[in-house]
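So you know, we letter chains A, B, ... as the sequences are listed, proteins then strands, and number each from 1.
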Amino acid sequence: MLRTHTCGELTLENIGQTATLCGWVDTIRDFGGVTFIDLRDRYGRTQVVFNPDSTQEVLAEMGKLKNEYVIKVVGEVRPRPDGQTNKKLATGEVEFVVSDLEILNECKTPPFVPGQKDVPGEDLRLKHRYLDLRREKMLQTLQLRSRIIKTMRDYCADNNFIDIETPILGRSTPEGARDYLVPSRVFKGKFYALPQSPQIYKQIMMIAGYDRYIQVARCFRDEDLRADRQPEFTQLDLEMSFVDSDDVIGMIDGMMQRLAKELLGLDLQLPLQRLTYDEAMTRFGHDAPDLRFGMEIVDVTDLASACGFGVFKSTAEAGKFVRGVNAKGAAPMYSRKRIDELTNMVKDDFGAKGLAWFRCEEDGSLFSPIAKFFTEEELADLKIRFDAEPGDLLLLIADTWDISCKGLYSIRKRMGVELELYDPKEMHFSWVVEFPMFERGDETERWNAMHHPFTAPRDQDLDQLDSDAGKTRAKAYDLVINGYEAGGGTIRIHDSGIQQKVFGLLGLDEESAQERFGFLLDALKYGAPPHGGIALGIDRVVMLFAGLDNIRDCIAFPKTQKAYDMMTEAPNVVENLQLEDLGIEISKLIGNQKTDSEEQSEGTQ
RNA sequence: GGCGCUGUAGCUCAAUUGGUUAGAGUCCCGGACUGUCGAUCCGGAGGUUGCGGGUUCGAGUCCCGUCAGCGUCGCCA
């Protein structure tokens, strides 16, 4: 080892000891005579002191030091003079008086330094990720991530789970998200697919009798990115045999309790709150509601059908919905302009026709551009329904169930932040359960699986599969933290008769089901136990536990919104020889296109 | 693919209704200083305002296109 201690280690207990430290030059404070350098590594910072009575050689080397040089110093640990301790530093009561200095490596003048106050632009951070990862915040987040994963693994190990790796090179299953494909050299013209999840493999493991499986699994989905979505991400994949929904939920309840306790010092009361999907949609318009605040949706379709306002009346009579939220005390903060912004949001993003609003005045009356279409009694009814008090702002959408859900959900989410309706540091864990088995495809009359085609229906809904499939509820459950879907799972179908029936409803005949999932269907016939599981999005859990609002800061080497790696410049062109090996020819329409960033950097040179 | 925000010195940001030589802090370079910890002080360097076009007597500012980053809708079984 080049060093005897780390930069976060030396304290008053080490006074008088000779030690050797290695690290990066964080800051230099040169007083002409004495010079202080904060030496930094993963573990902390130690103040290193150069005195004028050092040797000429040491002083000469010291003169060469600049930000982010990597050095090794030998010296003695001494207490700091009275009144000169630094309480911000764990090592702040001591200093390290240097007797020898070796420059292990120099550093070009960096585009930014890890300690600077203003965080650089994200593109610059991603391009020079090795510098960005030196930043305290990144270091803390990745350490938290490591501890979260360790705690998850420990918990699972304590509960008899076995950790098993499944293939990265797998087979494309055209359902679901777009696959990342890998061409085969041996089977020219054929492709592997990177896993969207180890779903099939873990079910096979259950059939094989490995009744409690986990994996920290990298998954890949070739879809557009979001603040909380990366093309490759990590999930804690878990599957259990001889269980029902409550058993899986209970297992994760315990895991969340341990995570919250060990990493945040929070005591979670178990069982965690549960909402059904229907309840979540009715009350919050979304299947992963943020339960840290109220502002629940109020349905006034019945009032609307009897009122004089044509838009409301016709909407209600068409079997659609008039629903709204009461933003308590929001009226003074929301000018016409800000209400217009909300209106544009629900129109542009979700295709709502408009946003009706009522302001509750000081005298308790409701003011609105559309108030004239309502009788005094109707206005009074609205007030009662929404529990409106002076200063409140009522926002209503008259539209389909889907649009009213989406619009009111986004309004609630946005105003929750703007009105500071909750403490951003608060954590709320809950479950949304009993999702529908099926949803309608956009252009077809056929059903689509809401989760995946192996999801089991609730026992009491089995009969409904034939009569009213749309009403069938599944043994499906999502873990929701602070309004984010942190994980989701289901109990799987282990009965081939039910599986055939579900395939039928999904429009999959026996032949095509066999073609796509034959190996699983075969395996299910060889003694499949009842089983089910869940997958937790580790990146998102880290994001939420760290109090961050984007997932890239929880991943060491994330990709941009276009799934581009700014540091390695992947994806990129490959040698023609590699393509020939694979029997692949790039279409002339595409050619060997330069990536956009290459074009841009050439343009700016 | 749609909508929106952003792009000015190495970095973080200013620049009034379009108006003189595009500024500040920081970083960098040089100098001073023996107790700082966001060190301080003095001096200096540093710009094709992302790129291309247009309007105008005049464009960092307005318009069109384009590229990049971010947010969002679609999408994400």
Side-chain angles (χ1 to χ4, degrees), chain A residues 26-38 45-53 66-68 80-89 91-92 95 108-113 115-128 131 173-179 196-197 199 219-231 233 341 344-351 406-407 410 413-414 435 437-439 441-442 447-455 476 485 488 490 506 516 537 549-550 552 559-562 564 566 594-605:
Chain A
D26 197 60
T27 53
I28 304 174
R29 295 181 293 279
D30 181 357
F31 286 80
V34 65
T35 297
F36 303 99
I37 286 176
D38 285 343
R45 279 183 300 166
T46 297
Q47 173 162 283
V48 162
V49 187
F50 292 84
N51 279 321
D53 54 1
K66 295 198 284 187
N67 278 331
E68 299 304 307
R80 293 200 186 187
D82 284 345
Q84 292 194 6
T85 59
N86 185 347
K87 294 194 178 72
K88 292 183 203 162
L89 247 50
T91 61
E95 62 189 16
K108 284 175 63 179
T109 300
F112 62 92
V113 290
Q116 77 181 46
K117 197 177 92 181
D118 300 306
V119 178
E122 191 153 2
D123 40 1
L124 194 73
R125 291 174 53 205
L126 291 175
K127 180 161 186 168
H128 302 278
L131 296 176
T173 49
E175 305 259 338
R178 212 174 277 118
D179 284 319
Q196 297 179 27
S197 94
Q199 180 65 35
C219 304
F220 306 85
R221 292 179 190 175
D222 187 6
E223 297 292 346
D224 284 349
L225 278 57
R226 290 286 187 282
D228 63 349
R229 246 159 54 187
Q230 278 276 301
F233 58 98
E341 285 172 12
N344 289 334
M345 177 177 74
V346 296
K347 284 164 95 169
D348 296 345
D349 284 356
F350 307 109
K406 286 175 173 171
S410 65
K413 184 175 176 182
R414 174 166 167 169
F435 281 73
M437 282 285 285
F438 308 101
E439 56 192 355
D442 279 344
W447 294 106
N448 286 331
M450 193 140 176
H451 203 84
H452 60 65
F454 317 114
T455 300
E485 180 193 333
T490 64
L506 294 173
R516 290 183 190 184
D549 58 8
N550 101 59
R552 293 181 300 278
K559 295 188 170 50
T560 68
Q561 201 171 69
K562 294 178 74 177
Y564 185 68
M566 298 194 82
K594 285 169 184 163
T595 60
D596 297 332
S597 70
E598 280 168 350
E599 278 179 5
Q600 202 202 15
S601 64
E602 280 173 19
T604 54
Q605 270 163 8

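- The CG-C1' distance, from A:Leu126 to B:G69, rounds to 9 Å in whole Å.
- Between A:Glu341 and A:Asn344, the closest side-chain pair of non-hydrogen atoms is not below 4.5 Å.
- Using a 4.0 Å cut-off, some side-chain N or O of A:Lys88 falls inside it from OP1 or OP2 of B:G38.
- If you take atom C1' in B:G60 and the same atom in B:U49, they sit 5 Å apart, rounded to whole Å.
- Using a 4.5 Å heavy-atom cutoff, the side chains of A:Asp38 and A:Arg29 are in contact.
- RNA chain B is contacted by both A:Val113 and A:Lys413; A:Val113 maps to the nucleotide lying nearer its 5′ end (nearest heavy atom per residue).
- The CG atom of A:Asp349 sits 8 Å away from the P atom of B:G74 (whole-angstrom rounding).
- For A:Arg229 and B:C75, a side-chain-to-base donor-acceptor distance below 3.5 Å is present, hydrogens and geometry of angles not being considered.
- Between B:C11 and A:Lys127, no contact under 4.0 Å exists linking OP1 or OP2 to a side-chain N or O.
- Look at B:C5: its Watson-Crick or wobble partner, with both distances under 3.5 angstrom, is B:G69.
- The NZ atom of A:Lys347 sits 15 Å away from the P atom of B:G4 (whole-angstrom rounding).
- A donor-acceptor contact shorter than 3.5 Å links the side chain of A:Gln196 to the backbone of A:Ala177.
- In this structure, A:Arg552 and A:Met450 both approach RNA chain B, and ranking their closest nucleotides by distance from the 5' end singles out A:Arg552.
- Atom-to-atom, NZ of A:Lys406 to C1' of B:U72 comes out at 13 Å; the value is rounded to the nearest Å.
- Two residues are said to be in side-chain contact when any heavy atoms from C-beta on lie closer than 4.5 Å; A:Ser410 and A:Asp349 fail this criterion.
- With contacts defined as side-chain heavy-atom distances shorter than 4.5 Å, the pair A:Gln47/A:Thr91 does not qualify.
- Counting distance only, with no hydrogens placed and no angle test, the side-chain atoms of A:Gln116 and the base atoms of B:G38 include no donor-acceptor pair under 3.5 Å.
- Spacing of C1' atoms, B:A59 relative to B:A45, comes out at 28 Å, to the nearest Å.
- Under 3.5 Å, the side chain of A:Asn86 and the base of B:C37 form at least one donor-acceptor pair of N or O atoms.
- When both pairing distances are held under 3.5 Å, B:U36 makes no Watson-Crick or G-U pair with any nucleotide shown.
- Distance noted for atom C1' between B:G44 and B:G50: 29 Å (whole Å).
- Annotation: B:G46 and B:G23 have their P atoms spaced 13 Å apart (nearest Å).
- Between the P atoms of B:U8 and B:C13, the separation comes to 9 Å (whole Å).
- Distance NZ/A:Lys108 to NZ/A:Lys66: 11.0 Å, rounded to 0.5 Å.
- With a cut-off of 3.5 Å on both pairing distances, the Watson-Crick or G-U wobble partner of B:G44 is B:C28.
- A 4.5 Å side-chain heavy-atom check between A:Glu485 and A:Asp228 finds every atom pair outside the cut-off.
- Residue side chain A:Asp224 reaches the base of B:G74 through a donor-acceptor N/O pair under 3.5 Å, judged by distance alone.
- The CD-C1' distance, from A:Glu439 to B:C75, rounds to 12 Å in whole Å.
- Across all strands, A:Leu124 comes closer than 4.0 Å only to sugar-phosphate atoms, never to a base (heavy-atom distances).
- What separates CD of A:Glu68 from C1' of B:C27 is a distance of 13 Å, to the nearest Å.
- Judged by distance alone, with hydrogens and angles left aside, the side-chain atoms of A:Arg125 form no donor-acceptor pair with the main-chain N or O of A:Pro120 at under 3.5 Å.
- No donor-acceptor pair under 3.5 Å is formed between the side chain of A:Asn51 and the backbone N or O of A:Asp53.
- Taking atom P on both nucleotides, B:C27 is separated from B:G38 by 13 Å, rounded to a whole Å.
- Between B:C73 and A:Arg226, a contact under 4.0 Å exists linking OP1 or OP2 to a side-chain N or O.
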Using a cut-off of 4.0 Å between protein heavy atoms and nucleotide atoms, how would you tag nucleotides 29-36 of chain B 5' to 3' with B, S and -? S---BBBB

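- Comparing B:G25 with B:U20, their C1' atoms are spaced 25 Å from each other, to the whole Å.
- For the P atoms, the distance linking B:U66 with B:G4 amounts to 13 Å, nearest Å.
- Spacing between atom CZ of A:Arg414 and atom C1' of B:U72 amounts to 11 Å, rounded to whole angstrom units.
- Rounded to a whole Å, the CZ atom of A:Phe350 is 14 Å from the C1' atom of B:G2.
- Residue contacts for A:Gly121: at a heavy-atom cut-off of 4.0 Å it reaches the sugar-phosphate backbone alone, with no base atom in range.
- Proximity note for A:Pro111 (side chain, C-beta onward) versus B:G10, B:G38, B:C28: the nearest is B:G10.
- Between A:Phe438 and A:Trp447, the ring-plane angle classifies as tilted under the 30° and 60° cut-offs.
- Distance from the side chain of A:Asn67 is smallest for B:C28 among the nucleotides B:C73, B:C75, B:C28.
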